[in-house]
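Remarks on the structure that follows.
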Amino acid sequence: MILDILTKFNCRRKIFLTPEHPFCSYSTEFKVMYTSAVTMQAKLNRNIKPLNNFELERLMKYGLKMNAGDIAWALRNLNEHETVVEYILDNLKTGEEKIIFLMDLVNVAMADNFISPEENEFALKFALKLGVSENIYELVKKYIVCAFEDNVKECFELAKIIKNLYPKIELIDLKYFALQIYESVECTQREINEKKEVRITDRCQIYDDIVLARGTKLVFDHALVRIYGNILLDGGTLEIINSKFIRKSDSHRACINVKDDYSRVIVEKCEADCRNYGMFIRAEAGEVSVKDSNIYHTTRGAAIRFWGKRLDIERCSFSRCYSPEDGGAVMARGGDGSIRDCRFTDCEARRGGAVFATDSIKLNKCHFTNCNVAEYGAAVFYSGIATEENSGFEYVACHPTGAEFVQVISRRGELKVSDEMFLNKSTIIDCPVYVETKGALNILNASLYLNYPIRCAGSIKMKNARIICNYLQESDMLYLENAKQCEILNSEFDGALKTGGINVKGTKIILKNSMFRNMNGGRAVFNAYRPQIKECIFNFCQDGAIYTQGGEIEKCVFVNCRGKSGAGVLMYGRSGLVRRCNFKRCIAESGGGAVDRQVGQNIEKCLFEDCRPQNIS
């Protein structure tokens with residue numbers, strides 16, 4: 001069967017708007033036998049085969065939510081005609097169930113917009129066997145025909161007549177067949193207490209606070225909800241599916257609050273417009289699952305604040321989420337969970353412009369655009385060491401650049417590195433770090449913010465790294481204690497005018513294409529033994545740049561360095577070489593404005609500009 005573009009569009013629209021069928025919660029056996037009976041009706045259609053009947057497919061896949069195995073089981077039962085009919089007659093006991101069944105028969109028959117005499121006869125025979133009069137059957141058929149004609153006004157009037165005849169049939173049940181009808185309802189605490197489980201599929205207003213205690217369940221399915229109060233989960237369950245939430249309260253509290261470990265919040269394919277009135281979900285307990293949803297315009301805290309049992313966020317979009325605290329869109333301080341395949345746009349916070357999370361929350365394949373932060377982590381602030389699972393991030397126009405993802409290493413005592421450890425994301429070192437003799441620390445393409453120094457007796461390698469003094473004072477940034485190896489390439493040390501750089505004891509180091517700046521309280525490189533320092537820049541080192549025993553210093557630049565002696569280089573020992581270096585405005589209090597050296601050490605092809613004292617000894 002060939003479908004035109006408009007028909008395909010209407011089919012997709014119907015699928016998106018389809019709520020659960022009234023029998024969706026029934027047993028699998030019932031749903032299989034039920035669809036077998038409805039498929040018998042579909043087989044009578046001469047124009048459309050059952051497998052191409054859109055209404056039959058909508059019933060099985062989206063209304064009853066049957067899997068492929070159950071659908072195959074239902075099709076196999078078509079040969080057992082008498083068994084299926086007998087099962088239906090025995091199990092449809094209430095008048096409401098019989099009416100819904102007749103509606104499904106007519107609905108499937110109307111898949112090509114009209115019902116044939118054979119299909120009408122089949123449905124009418126079933127009605128009479130179920131004890132439903134012909135007049136009521138004609139009323140049911142007229143309702144379905146009006147639904148296909150999009151005659152909303154007539155559908156609504158017929159729905160009132162059907163409800164008067166069968167009071168237990170709700171507009172929610174009839175909406176499956178006529179998606180356009182709706183009524184505006186008010187969700188109240190009294191209704192929840194009486195029914196225990198409430199499902200809303202229409203326009204809804206919540207004016208007061210609602211509490212979902214244990215044993216209660218509130219479901220919004222294809223609903224438009226304007227919420228003036230708040231929903232508190234005290235052990236209950238809240239499901240929001242294919243719905244839109246509009247926050248109307250100006251309260252500082254979150255729209256949804258979770259306070260009990262038995263509570264569950266499930267949000268799927270939803271839109272949450274918080275209108276800059278506050279947060280969306282605040283969960284200090286329980287489980288929260290948010291998937292395929294769009295959340296925006298949140299303030300006064302993260303859109304989702306969580307420290308409960310389990311948090312899962314997948315394929316969601318967060319935009320214009322602002323928090324004066326941590327995490328503009330998501331703040332997860334505890335529990336297990338994951339944040340995957342999400343997009344964050346225009347989010348801002350104190351730490352973690354989009355996400356603040358602990359190491360029990362895994363982040364993967366997220367995209368961040370124009371996310372900003374006051375302190376650390378333009379996109380993500382991560383409390384712990386990120387693993388390989390925390391990868392696949394994309395950043396666009398996030399500020400500050402180069403530190404979009406910042407993790408923090410914090411321990412009560414000292415962190416001892418006994419094996420090989422890699423740091424490839426920007427990291428705050430919030431505890432003393434000691435690299436043991438057998439340990440190896442590799443810092444690659446990352447920035448390190450030091451609150452404590454790093455001490456190394458093993459191996460340390462840096463490439464494309466930035467080492468920044470944070471709250472570290474009156475200390476050096478890196479201490480080498482008879483270390484096995486130290487190799488620093490294309491890196492930067494910034495002492496923030498509070499600390500020195502590298503303090504060397506009994507270690508031969510290699511420095512290439514690196515920068516040392518804003519040093520105070522110690523030299524950039526102190527007490528190195530025969531180092532290889534090439535193509536490096538030393539800028540504004542206020543206690544001198546290099547203090548070394550011999551070694552080779554080549555093609556380096558020294559600018560605005562100060563010291564008691566040898567503001568650029570102070571070298572002792574029997575041999576050493578300073579070659580092709582450039583010294584600008586390097587000033588010492590005593591001998592050797594730029595370089596102070598001993599006999600036997602060579603200076604070759606160096607340039608000196610405004611260095612004092614002028615004599616180089």
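What you are looking at is a predicted structure, and each value in this text was computed from that prediction instead of being measured.
- Note that CG of L174 and CZ of F156 are 10.5 Å apart. Values are rounded to the nearest 0.5 Å.
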Take V396 and F368 through the side-chain contact (heavy atoms from CB on, under 4.5 Å) test and state the conclusion after the steps.
CA-CA 6 Å; V396 177; F368 304 87; over 6 Å; no
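- Shortest non-hydrogen contact noted between C24 and K31 is O-NZ, 3.2 Å.
- Residues V290 and I304 meet the side-chain proximity criterion, which asks for heavy atoms closer than 4.5 Å.
- Residues L233 and I231 have side chains in contact (heavy-atom distance under 4.5 Å, counting atoms from C-beta outward).
- We find that R199 and D221 are joined by a salt bridge, their nearest charged nitrogen and carboxylate oxygen being less than 4.0 Å apart.
- Contact check for I281 versus V265: side-chain heavy atoms found under the 4.5 Å cut-off.
- To the nearest 0.5 angstrom, E268 atom CD is 10.0 Å from C316 atom SG.
- Of the residues V258, I256, V267, the one that meets the side chain to side chain contact (heavy atoms under 4.5 Å, CB included) test with L238 is I256.
- The cationic atom of R247 (NZ for Lys, CZ for Arg) does not lie both less than 6.0 Å from the six-membered ring centre of F280 and within 45° of the ring axis.
- The pair R190-E194 meets the salt-bridge criterion, with a side-chain N (NZ, NE, NH1 or NH2) lying under 4.0 Å from an Asp/Glu carboxylate O.
- We find that R350 and E375 are joined by a salt bridge, their nearest charged nitrogen and carboxylate oxygen being less than 4.0 Å apart.
- Side chains of T401 and H399: a donor-acceptor N/O pair is absent below 3.5 angstrom, by distance only.
- Contact check on E287 versus R310 returns no salt bridge, with no Lys/Arg side-chain nitrogen under 4.0 Å from an Asp/Glu carboxylate oxygen.
- C371 and A378 make their closest contact through CB-O, 3.4 Å (heavy atoms, listed as atom of the first residue, atom of the second, distance).
- Neither side chain, E57 nor Y62, offers a donor N or O lying under 3.5 Å from an acceptor on the other.
- Counting heavy atoms from C-beta on, the side chains of I210 and C187 come closer than 4.5 Å.
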V198/V219 under side-chain contact (heavy atoms from CB on, under 4.5 Å): CA gap, chis, key distance, verdict:
CA-CA 6 Å; V198 176; V219 179; over 6 Å; no
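- Taking the ring centroids of Y34 and Y26, they lie at or beyond the 6.0 Å cut-off.
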Using side-chain hydrogen bond (donor to acceptor under 3.5 Å, both in side chains), reason through N470 and Y376 one step at a time and then give a plain yes or no.
CA-CA 11 Å; N470 199 28; Y376 306 107; 2.7 Å; yes
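- No donor-acceptor pair closer than 3.5 Å links the side chain of D104 to the backbone N or O of F101.
- A salt bridge between R315 and D292 is present, with a side-chain N of the basic residue lying under 4.0 Å from a carboxylate O of the acidic one.
- Note: L444 CG to F422 CZ = 6.5 Å, rounded to the nearest 0.5 Å.
- For E96 and K98, the salt-bridge test fails: no basic side-chain N is under 4.0 Å from an acidic carboxylate O.
- Rounded to the nearest 0.5 angstrom, I313 CD1 and D341 CG are separated by 12.5 Å.
- Remark: the backbone N or O of G229 is not paired with any side-chain donor or acceptor of D208 at under 3.5 angstrom.
- A donor-acceptor contact closer than 3.5 angstrom links the side chains of N107 and E55.
- For the pair L59/F23, no side-chain contact is recorded, criterion being any heavy-atom separation below 4.5 Å from C-beta on.
- Using modelled atom types, one side-chain atom of K163 and one backbone atom of P167 make a donor-acceptor pair closer than 3.5 Å.
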Could you walk me through whether N424 and F405 pass side-chain contact (heavy atoms from CB on, under 4.5 Å), step by step?
CA-CA 10 Å; N424 54 12; F405 189 112; over 6 Å; no
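- Aromatic rings from Y143 and F177 are positioned such that their centres are separated by 6.0 Å or more.
- Listed for the S263 side chain is a donor-acceptor partner under 3.5 Å among the backbone atoms of D260.
- The closest donor-acceptor contact from the side chain of T216 to the backbone of A213 lies under 3.5 Å.
- Counting non-hydrogen atoms of neighbouring residues, nucleotides and ligands closer than 6.0 angstrom, the CZ atom of R300 exceeds 12 such neighbours.
- D312 and S338 form a side-chain donor-acceptor contact under 3.5 Å, judged by distance and modelled atom types alone.
- E348 places none of its side-chain heavy atoms less than 4.5 Å from the side chain of V373.
- For S243 (side chain) and H222 (main-chain N/O), a donor-acceptor pair under 3.5 Å exists by modelled atom type.
- Listed for the D430 side chain is no donor-acceptor partner under 3.5 Å among the backbone atoms of I409.
- Residues F344 and I339 are in side-chain contact: their nearest non-hydrogen atoms beyond the backbone lie under 4.5 Å apart.
- Smallest separation of non-hydrogen atoms from G402 and S426: O-OG, 3.4 Å.
- Taking 4.0 Å as the cut-off between side-chain N and carboxylate O, R351 and D326 count as a salt-bridged pair.
- If you take CD1 on I361 and CE on M331, they are separated by 10.5 Å, rounding to the nearest 0.5 Å.
- When every heavy atom of G413 is checked against every heavy atom of C431, the shortest pair comes out as O-CB, 3.7 Å.
- Sparse packing is recorded around OH of Y262, with 12 or fewer heavy atoms of other residues, nucleotides or ligands lying under 6.0 Å away.
- By the side-chain hydrogen bond (donor to acceptor under 3.5 Å, both in side chains) test, N91 is found to be paired with no residue, residues two or more places apart in sequence or in another chain being considered.
- Every side-chain hydrogen bond (donor to acceptor under 3.5 Å, both in side chains) that N193 has, sequence neighbours left out, goes to Q189.
- Contact of the I169 side chain with the I99 side chain is registered, since non-hydrogen atoms from C-beta on lie closer than 4.5 Å.
- A salt bridge does not link E394 to K365: none of the charged side-chain nitrogens sits closer than 4.0 Å to a carboxylate oxygen.
- With S293 contributing its side chain and C270 its backbone, the two residues share a donor-acceptor pair below 3.5 Å.
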Could you check L102 against E97 for side-chain contact (heavy atoms from CB on, under 4.5 Å), going step by step and ending with a plain yes or no?
CA-CA 9 Å; L102 294 176; E97 291 175 334; over 6 Å; no
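- N451 places a side-chain N or O within donor-acceptor distance of the main-chain N or O of Y471, the cut-off being under 3.5 Å.
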What pairs of donor and acceptor atoms, side-chain ones from residues 317-325 against any protein atom, are under 3.5 angstrom apart with sequence neighbours left out?
residue, atom, partner, partner atom, Å
R320, NE, H297, NE2, 2.8
S323, OG, E325, N, 3.0
E325, OE1, R305, NH1, 2.8

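- Counting only distance, with no hydrogens or angles, the side chain of E414 and the backbone of P432 share no donor-acceptor pair below 3.5 Å.
- Separation of atoms CD1 (I227) and CD (Q205) is listed at 11.5 Å; rounding is to 0.5 Å.
- Closest heavy-atom contact between A74 and S36: O-OG, 2.8 Å.
- Atom OH of Y277 is surrounded by 12 or fewer heavy atoms from other residues, nucleotides or ligands within 6.0 Å.
- Applying side chain to side chain contact (heavy atoms under 4.5 Å, CB included) to K269 and the options N294, N242, I241 leaves one that passes, N242.
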